[in-house]
Each structure stands twice: as structure tokens, then as C-alpha cells.
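Here is the structure we will look at.
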Amino acid sequence: MVQVLPDSWERWLGAEFQAPYMQQLKAFLAAEKAARKTIYPHSSDWFRAFELTPLDEVRVVILGQDPYHGPGQAHGLCFSVREGVKPPPSLVNIYKELAQDLGVTPVNHGHLEAWARQGVLLLNTSLTVEEGNAGSHRGKGWETFTDRAIETVNAEAPPCVFLLWGSHARQKKALVDQERHLVLESPHPSPLSAHRGFFGNHHFSRANAFLAEHGRSTVDWQLPPTP
């Protein structure tokens with residue numbers, strides 16, 4: 001496992017790489033590779049969310065589950081896909097809500113790096129997955145690591161907003177001090193559930209209102225027309 005945490009996160013999460021659960025995770029991933037299984041994303045992107053969003057710049061946290069498991073999609077940011085890849089259905093619904101909420105113009109790509117560079121931590125709770133096998137790396141140790149990351153944001157970051165979409169993300173609510181941070185919950189943007197309350201949740205405008213109230217820069221949710 002390549003450890004590439006930037007300094008702002010290394011101080012708080014660096015010791016996790018020596019913990020027994022992480023050693024077990026490393027062994028599991030090595031065995032998967034030895035079995036010639038394809039793992040997404042590439043190891044150079046496992047910690048991409050942390051590289052693009054320093055701890056002291058976190059404004060919004062969006063939680064996903066595990067990376068996309070199709071070829072060429074995942075690159076270390078939840079809900080985001082690589083350049084040239086068609087936006088997946090859940091992301092299309094996110095764009096629809098953004099348009100309704102803030103008048104943001106939907107783009108025809110799914111590359112969300114511009115958000116990450118503004119302090120939107122796009123964090124999957126599991127950072128790897130086997131090709132074509134959703135959920136295959138759950139329960140192997142990643143959740144312990146990403147829970148530590150959420151706890152670190154909760155304790156060390158300035159007031160920020162946690163967007164928890166779907167039952168899996170909403171389970172992380174207990175890790176957040178709601179006296180300091182804003183937690184917004186709704187159903188997942190998946191086509192299977194978006195109509196049950198994701199559409200119309202106004203999470204993006206509510207997030208910016210909270211940030212402004214706390215003297216923090218708001219997020220420009222308008223993505224550039226090309227990544």
C-alpha cells in the first residue's frame with residue numbers, strides 16, 4: 001500500500017498505517033493482486049480525496065460507499081468519474097438537484113475535481129473495490145480508516161457541512177458534533193431513491209448558507225464545462 005497522505009492529514013492519520021487493521025487490509029489487497037484481480041481505482045488514487053482537500057480547507061464532506069467498479073471510472077473521489085466518462089445516474093441526479101436548488105448549469109462530464117479543490121471532501125467509506133463486484137472490499141478495514149478521517153474533520157476542521165445521502169452515509173452521523181458542524185441528511189441520489197426526498201433537499205444552498213454564517217468561503221458548485 002502506497003502511503004501518500006499530505007502533511008495536513010498525515011499528522012492525524014499517519015499512525016493508522018501501522019495499526020493492526022491496516023496491516024490486515026494491506027495483506028488482503030496484496031492477496032487480491034496476487035490472484036490477478038483488478039482493483040479500482042489505481043493505487044496512486046486511493047488517497048486522492050485527501051491530496052486535493054487539505055484538512056484545514058474542508059468546507060463540505062460528501063460521503064459515498066465504495067468506488068465505481070467499471071473500467072476507467074473511479075479515480076479516488078466519491079461520485080466522480082474520470083474525464084471522458086459519461087456521468088453515472090446518481091451524479092446526473094445530483095446535477096438535477098443543483099440546477100433546481102441554485103440554478104447551476106449541468107455539465108456533460110462527471111469529473112468533480114473542481115469541487116475537491118474548493119474544500120469539498122469527496123470521501124468513499126471504502127477506498128477500493130474489485131472490478132465488477134460492488135461492495136467486495138467492505139469490512140476489510142477501510143471503514144475504520146475513513147471513520148478516523150471523519151472524526152478528524154469533526155475535531156480539527158473549522159465548522160463545515162456533512163452531506164449524508166442514503167442509509168449507509170447516514171450511519172456516520174454519530175461521528176459528528178452537531179453543535180459545531182451542520183449535518184444534512186436525505187435519501188441517496190440513486191434513481192431508485194432520489195424521488196423519495198433527495199430531489200428538493202436544497203442541501204447545496206443550505207450548505208453555503210451555513211458556511212457564510214460562520215465566516216467561511218462558500219462553494220462555487222458550478223463545474224467548468226470541461227474538466
Side-chain angles (χ1 to χ4, degrees), residues 8-9 48-64 76-81 87-125 146 149-166 168-170 172-190 193-227:
S8 70
W9 292 99
R48 187 65 172 156
F50 300 98
E51 295 171 23
L52 293 177
T53 311
L55 174 59
D56 58 354
E57 295 180 15
V58 175
R59 292 176 173 81
V60 177
V61 179
I62 299 179
L63 292 179
L77 305 178
C78 74
F79 292 105
S80 181
V81 290
S90 291
L91 184 53
V92 170
N93 285 339
I94 291 171
Y95 289 170
K96 288 179 181 178
E97 175 57 26
L98 268 169
Q100 294 173 359
D101 186 16
L102 290 171
V104 167
T105 303
V107 294
N108 58 10
H109 66 81
H111 195 69
L112 305 182
E113 195 167 295
W115 290 355
R117 293 187 182 278
Q118 292 185 74
V120 181
L121 183 64
L122 297 167
L123 184 65
N124 281 312
T125 54
T146 53
I150 295 167
E151 291 167 349
T152 298
V153 173
N154 176 63
E156 305 300 333
C160 57
V161 184
F162 290 77
L163 303 184
L164 307 183
W165 301 331
H168 179 83
R170 294 168 86 164
K172 306 301 180 180
K173 180 179 179 179
L175 302 176
V176 182
D177 177 3
Q178 295 182 67
E179 296 295 319
R180 295 187 62 239
H181 307 290
L182 176 64
V183 173
L184 298 176
E185 303 175 72
S186 83
H188 194 274
S190 162
S193 56
H195 64 284
R196 296 203 297 263
F198 178 80
F199 291 135
N201 65 22
H202 299 289
H203 279 187
F204 302 101
S205 59
R206 292 167 67 185
N208 274 352
F210 177 87
L211 293 170
E213 289 167 6
H214 288 79
R216 305 203 65 195
S217 299
T218 57
V219 176
D220 179 3
W221 295 102
Q222 178 65 66
L223 291 163
T226 56

- Query: Between Arg216 (side chain) and Cys160 (backbone), is there a donor-acceptor pair under 3.5 Å?
  - Reply: no
- Task: Assess whether side-chain contact (heavy atoms from CB on, under 4.5 Å) is satisfied between Tyr95 and Leu223, documenting all intermediate values.
- Result: CA-CA 10 Å; Tyr95 289 170; Leu223 291 163; 3.4 Å; yes
- Identify, with sequence neighbours excluded, every residue that meets side-chain hydrogen bond (donor to acceptor under 3.5 Å, both in side chains) alongside Trp165. His203
- Task: Taking side-chain hydrogen bond (donor to acceptor under 3.5 Å, both in side chains) as the test, write out the residues that go with Arg180, two or more places apart.
- Result: none
- If every non-hydrogen atom of Val183 is compared with every non-hydrogen atom of Glu185, which pair is closest and at what distance? CG1-CG, 4.0 Å
- For Ala49 and Leu77 the tightest heavy-atom approach is CA-CD2, 3.6 Å
- Item | Pairwise distance CG(Leu163) to CG(Leu182) - rounded to 0.5 angstrom | 8.0 Å
- Any chance you could measure Arg170, atom CZ, to Leu63, atom CG, to the nearest 0.5 Å? 13.0 Å
- Message: With rounding to the nearest 0.5 angstrom, report the CD to CG distance, Gln222 to Leu102.
- Response: 10.0 Å
- Do any N or O atoms from the side chain of His109 and from the backbone of Pro224 form a donor-acceptor pair under 3.5 angstrom? yes
- Is a donor on one side and an acceptor on the other found under 3.5 Å between the side chain of Asn93 and the backbone of Pro189? yes
- Would you check, one step at a time, whether the test side-chain contact (heavy atoms from CB on, under 4.5 Å) holds for Trp221 with Ile94? CA-CA 11 Å; Trp221 295 102; Ile94 291 171; over 6 Å; no
- Query: Is it true that a side-chain atom of Ser80 and a backbone atom of Leu112 form a donor plus acceptor pair closer than 3.5 Å?
  - Reply: yes
- Query: Considering all heavy atoms of both residues, which atom of Trp9 and which atom of Thr53 are nearest to each other, and what is their separation?
  - Reply: NE1-O, 2.9 Å
- Backbone N or O of Pro187 within a donor-acceptor pair of the Ser193 side chain at under 3.5 Å? no
- Query: Yes or no on side-chain contact (heavy atoms from CB on, under 4.5 Å) for Val61 and Val176, after CA distance, side-chain angles and deciding distance?
  - Reply: CA-CA 11 Å; Val61 179; Val176 182; over 6 Å; no
- Message: Regarding Asp101 and Ser205, do their side chains bring together a donor and an acceptor under 3.5 Å, going by distance alone?
- Response: yes
- Task: Would you sort out whether Leu123 and Thr146 count as a side-chain contact (heavy atoms from CB on, under 4.5 Å), showing the intermediate values?
- Result: CA-CA 8 Å; Leu123 184 65; Thr146 53; 4.1 Å; yes
- Note on the structure: Residues passing the side-chain hydrogen bond (donor to acceptor under 3.5 Å, both in side chains) test with Thr125, sequence neighbours excluded, are His168
- Could you tell me which non-hydrogen atom of Gly110 sits nearest to which non-hydrogen atom of Leu91, and how far apart they are? CA-CD2, 3.4 Å
- Item | Minimum heavy-atom distance Leu52-Glu113, with the two atoms named | CD1-CG, 3.3 Å
- Note on the structure: Residues Asn124 and Cys78: closest non-hydrogen pair is OD1-CB, 3.3 Å
- Message: Nearest 0.5 Å, please: how far is CG in Leu122 from CZ in Arg48?
- Response: 11.5 Å
- Item | Backbone N/O of Phe162 and side chain of His181: donor-acceptor pair under 3.5 Å | no
- Query: Sub-3.5 Å donor-acceptor pair from the side chain of Glu151 to the main-chain atoms of Leu175, do we have one?
  - Reply: no
- Query: Just by distance, do the side chain of Glu97 and the backbone of Gly200 share a donor-acceptor pair under 3.5 Å?
  - Reply: yes
- Is the distance between the ring centroids of His202 and Phe210 under 6.0 Å? no
